[in-house]
Colleague: 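Starting off with a structure, shown below.
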There are 2 protein chains.
Amino acid sequence: MPKKPTFSRSPCPLAVSLDILGDKWSLIVIRDLFRGVTRYNDFLKSPEGVTTNILAERLKRLEAHGLISKSAYQENPVRYDYALTEKGRALGPVLREIARWGNAHYPGTYKPPFKVG
Amino acid sequence: MPKKPTFSRSPCPLAVSLDILGDKWSLIVIRDLFRGVTRYNDFLKSPEGVTTNILAERLKRLEAHGLISKSAYQENPVRYDYALTEKGRALGPVLREIARWGNAHYPGTYKPPFKVG
DNA sequence: ATATATCACTTTCATTTTGCAAGTTATATG
DNA sequence: CATATAACTTGCAAAATGAAAGTGATATAT
């Protein structure tokens, strides 16, 4: 029988989404993937300055939740490219609206130069 | 002279917004305000079960950032109603897109029965 | 009058998460 | 051989969170 989804806090779509995305780094990683970043070291170069342990943990979490996937781009040693899944790409409108709100209320923030969604 | 805005992490509108909203509770409080909740005890009744210390701290933070305001609805002892400011109401589209994403990817989450934005 | 209840918090303390720095493994380059 | 690069992991201190109890003012019930 199909497993019934269990909701950590409530069946509210906002609460369920925040359980996955509600922190200061997950959406920054998603943003970078939209920008075209695919490799560990390049995520580290973003101006927000995520630390190595947090980045590694977030990449694992986002993969576990099906928002991103990784594929080896070389063997010996094996190294990975990260990419958005459909589910991750579907966050485009969320990023767009958050950025729009930030632009409207925090003068000096830049307009995203990349297409999101 | 006008104070130049200082950005904690970067001038990215997403990063700046996440510095304010990037946690598991702030947007839940904003959602409840959209639903019509205005008082401390009623926020506590939401199914996510925010604790008293976290709720009090978030209400202060959101007020400090200008997303909500409070007004006394009685004296002796003075008690407050909380309300969204324009800046807070402007988060409607953000809530809507997050809820839409949650609905699309987590079957069983309910469709928000209240108008947002 | 005394006891219980409600509202809006605050305080305490244990657990969890974060941030910072350094270390690791495998290969490539000078 | 020494340094560099990529992708992490580990250790530890500091900050944030969660659970529970306490506080102060007033209202209501017995």
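Residue numbering restarts at 1 for every chain, and letters A, B, ... go by the order of the sequence lines.
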Colleague: What is the distance, rounded to the nearest whole Å, between atom CG of A:Asn41 and atom P of D:dT9?
Modeller: 14 Å
Colleague: Rounded to the Å, how far apart are A:Asp42 CG and D:dC8 C1'?
Modeller: 15 Å
Colleague: Could you note down all residue pairs passing ring-ring contact (aromatic ring centres under 6.0 Å, His included) where residues 86-109 of chain B supplies at least one of them, sequence neighbours left out?
Modeller: B:Trp101-B:His105, B:Trp101-B:Tyr106
Colleague: Produce the list of close N/O pairs, under 3.5 Å, pairing protein atoms with atoms of nucleotides 18-23 of chain D; give distances to one decimal.
Modeller:
from   : atom 1 : to      : atom 2 : distance (Å)
D:dG18 : OP2    : B:Trp25 : NE1    : 2.9
D:dG18 : N7     : B:Asn53 : ND2    : 3.1
D:dA19 : N6     : B:Asn53 : ND2    : 2.7

Colleague: Can you tell me how far the CG atom of B:Leu95 sits from the OG atom of A:Ser17, to the nearest 0.5 Å?
Modeller: 10.5 Å
Colleague: Tell me which residues in residues 66-80 of chain B put a heavy atom below 4.0 Å from DNA chain D, sorted by number, or none.
Modeller: B:Asn76, B:Pro77, B:Arg79
Colleague: Would B:Glu86 and B:Arg89 pass as an ion pair if we require N to O under 4.0 Å?
Modeller: yes
Colleague: Mind calculating the distance between CD (B:Glu48) and P (D:dT17) to the nearest angstrom?
Modeller: 16 Å
Colleague: Measure CG/A:Leu59 against C1'/D:dA6 and give the value in whole Å, please.
Modeller: 14 Å
Colleague: Work out how much the helix from C:dA1-D:dT30 to C:dG30-D:dC1 bends between its end axes, five pairs an end, to the nearest 10 degrees.
Modeller: 10°
Colleague: Nearest 0.5 Å, please: how far is CD1 in A:Ile20 from CD1 in B:Ile98?
Modeller: 11.5 Å
Colleague: Does B:Pro93 offer a backbone N or O that forms a donor-acceptor pair with the side chain of A:Arg100 under 3.5 Å?
Modeller: no
Colleague: Looking at B:Glu48, is its backbone amide N or carbonyl O close enough to the side chain of B:Ser46 to form a donor-acceptor pair, meaning the two atoms are under 3.5 Å apart?
Modeller: no
Colleague: Over how many whole Å does the gap from A:Phe43 atom CZ to D:dA7 atom C1' extend?
Modeller: 12 Å
Colleague: Are B:Asp19 and A:Lys24 within salt-bridge range, i.e. N to O under 4.0 Å?
Modeller: no
Colleague: Hey, where on DNA chain C does chain A first and last touch, going 5' to 3'? Cut-off is any atom under 4.0 Å from a heavy atom.
Modeller: C:dT18 to C:dT27
Colleague: Does the A:Arg39 side chain pair with the main chain of A:Asp81, one donor and one acceptor, at a distance under 3.5 Å?
Modeller: no
Colleague: Can you tell me if B:Asp42 uses its side chain to pair, donor with acceptor, with the backbone of B:Lys45 under 3.5 Å?
Modeller: no
Colleague: Cut-off 3.5 Å, no hydrogens considered: what does the side-chain donor-acceptor table look like for residues 64-74 of chain B, sequence neighbours left out?
Modeller:
from    : atom 1 : to      : atom 2 : distance (Å)
B:Gln74 : NE2    : B:Pro77 : O      : 2.9

Colleague: Base, sugar-phosphate, or nothing: which does A:Tyr82 touch, judged by heavy atoms less than 4.0 Å apart?
Modeller: sugar-phosphate
Colleague: Taking atom CG of B:Leu84 and atom OG1 of B:Thr38, what is their separation to the nearest 0.5 Å?
Modeller: 11.0 Å
Colleague: Is the side chain of B:Asn103 donor-acceptor paired with the backbone N or O of B:Tyr110 at a distance under 3.5 Å, no angle test?
Modeller: yes
Colleague: Before you tell me yes or no, could you show the steps for A:Val29 and A:Leu59 under side chain to side chain contact (heavy atoms under 4.5 Å, CB included), namely the whole-Å CA-CA distance, both residues' side-chain angles and the distance that decides it to 0.1 Å?
Modeller: CA-CA 8 Å; A:Val29 171; A:Leu59 289 170; 4.0 Å; yes
